[in-house]
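Worksheet: one structure, shown below.
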Amino acid sequence: MASGPKLSDAAFRSAAERALVGEHQTIAKLRALVERVAATDATVLITGESGSGKEVIARAIHTLSARANRSFVPVNCAAIPQDLLESEMFGHERGAFTGAAGSRHGLFSAADGGTIFLDEIGEMPLKLQAKLLRVLEDGVVRPVGSDRATRVDARIIAASNADLMTAVRKGGFREDLFYRLQVVPIHIPPLRERRSDIPLLVEYFLDRMRQRLPGRDWTVSREAMVHLWSYDWPGNVRELENMVERLVIMCEDSVIDTPLLPSNLVTAGRIADTRIAPALGEKGINLAAMVRELEGRMINEALKQSGGNKQAAARLLGLKRTTFSAKLRRCGVIAPGSADERDDA
Ligand SMILES: Nc1ncnc2c1ncn2[C@@H]1O[C@H](COP(=O)(O)OP(=O)(O)OP(=O)(O)O)[C@@H](O)[C@H]1O
Ligand SMILES: [Mg+2]
C-alpha cells in the first residue's frame, strides 16, 4: 500500500472533514465512521439518495487513508455504455474486440495503490459483477482478451442510490457480491431527515459564492430560511447547492428573501400535498415511519405559517411549547445545543 499522510495529521484531517458539512447527529456519526474505516482497507458500500453526498464521503475516506497521495478513480457504472464498461474497468489486449487497436490499462490499474469508486454499482451488468467478485476475492484483474491476470491493490468503495437488496431479490444484482461489498455499509440520510443542517449548508454554499464573487455578500431572510428549511429537497444537498447559486445570481441587492424563491419551493410540502392514507397494499406499510413523516411535515407547515415563531407554531398544532420543542429535536429540525434550542430555554 502507498504511504500517505499520517492519520495524526490534524490539518489534513480537518480539510477532508470540512468537505462534509453538517452538525446533525447522523452526520457527526458518519464523520466518526469515515475516520474509522479510512484507517482500514475494508470495502465500503455507500447508500443514499441522489445528491446526498455519497461521493463526498468516498473522497473523504480516500483522503483520510494512507492511500491519499495515490489516485482516487471514480467510475460511474451507469454512464459508461455496458459493453465498454468491462474494458474501461479492466483494460484490454490489442485486438480483444473490434476497434481495440492497442492494448490499454483499465481504471483498476489507474487506481493501483489508491481507491476506485464504483458509483451506481447497481447498474453494473451481471457478467461484470462476476468479474468484480473475483477481483475482490483474489485481488487480480484480467484485461479483456487476455489470459494473464495482474495483481492490483485498489481499495474499493461502491455506491448506490437504488436499494441493492431489492435488486438482489429481483435477480439483477448478485447476492454474494452484495455481501462482499458491504463489509462496511454507510448510509447517508436524505437532507429532509437532517433539516437542522440546512442553514449551515446554505451558509457554506454562500461562503463559496463569496469567494467566487469577491466584494459581494448576501444574507437570507428568516422567512426565506424557513421555506428552505421546510422544503423536502428531493435532490438533496446538490439541489440545495444549485438553489443557493441560483438565488445569489437572481438576488439584486444583498438580501435573499421569499419572493426570490421559486414558487414550487414555497408551496411544496403544504398540508394539501400530504397524502395521509395511501393504500395498505400487500406488503403493508411502516406506520411508525409514516407517522414521523406526517409529524415532520405538520411541524414544518406550522413553522412556515408562523414565520418561524415557535410559540405560534406550537399553538397552531395544539401543542405545549415544551412538547413542540421536544418534537423539533426529535425530527432533526433543531440540533441539540444549537442556538435555536437555547432560544427555547
Ligand atoms: N455534507 C455535505 N457538505 C458539503 N457539501 C456536500 C455535502 N453533501 C453533498 N455535498 C455537495 O452536494 C453535491 C452532491 O454530492 P455528491 O456528488 O457526493 O452526491 P451523490 O450522493 O454522489 O449524488 P448522486 O447520487 O447524484 O451521484 C456535491 O457538489 C457535494 O459537494
Ligand atoms: Mg455521485
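Counting starts at 1 for both ligands and their atoms, following the listed order.
- Within the 4.0 Å heavy-atom shell around ligand 1 one finds Leu201.
- With salt bridges taken as basic N to acidic carboxylate O contacts below 4.0 Å, none links Arg67 and Asp112.
- For atom 3 (N) of ligand 1, the nearest non-hydrogen atom from the set Asn76, Leu191, Val21 comes from Val21.
- Between the side chain of Arg70 and the main chain of Ala110, no donor-acceptor pair closer than 3.5 Å is present.
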Using the rule given for side chain to side chain contact (heavy atoms under 4.5 Å, CB included), can you reason through Val202 versus Ile256, listing the C-alpha separation, both sets of side-chain angles and the distance that settles it, and then say yes or no? CA-CA 11 Å; Val202 168; Ile256 294 173; over 6 Å; no
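- Within the 4.0 Å heavy-atom criterion, the part of Glu241 lying near ligand 1 is the side chain and not the backbone.
- Remark: distances from the non-hydrogen atoms of Ser52 to ligand 1 include one below 4.0 Å.
- Checked against a 3.5 angstrom limit, the closest N/O atoms of Phe205 and ligand 1 fall outside it.
- The pair Arg104-Glu88 meets the salt-bridge criterion, with a side-chain N (NZ, NE, NH1 or NH2) lying under 4.0 Å from an Asp/Glu carboxylate O.
- On a distance-only criterion, Arg238 and ligand 1 share at least one N/O pair closer than 3.5 Å.
- Residue Arg208 has no N or O atom closer than 3.5 Å to an N or O atom of ligand 1.
- Heavy-atom proximity to atom 27 (O) of ligand 1, evaluated over Asp119, Ile46, Thr47, is greatest for Asp119.
- Of the inter-residue distances, the one linking Asp163 atom CG with Phe173 atom CZ reads 11.5 Å to the nearest 0.5 angstrom.
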Quick one: do Arg31 and Glu35 satisfy salt bridge (Lys or Arg N to Asp or Glu O under 4.0 Å)? Show the steps, please. CA-CA 6 Å; Arg31 215 177 269 122; Glu35 232 182 281; over 6 Å; no
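- If you check the side chains of Asn236 and Ser52, you find no donor sitting under 3.5 Å from an acceptor.
- Any N or O atom pair closer than 3.5 Å counts here, and Val237 shares no such pair with ligand 1.
- Evaluated for a salt bridge (charged side-chain N to carboxylate O under 4.0 Å, His left out) with Arg208, the options Glu241, Glu203, Glu245 yield exactly one hit, Glu241.
- Atom 31 (O) of ligand 1 has its nearest heavy-atom neighbour, among Val56, Asn242, Ile27, Ile57, in Val56.
- Contact annotation: Gly22 has no heavy atom less than 4.0 Å from any atom of ligand 1.
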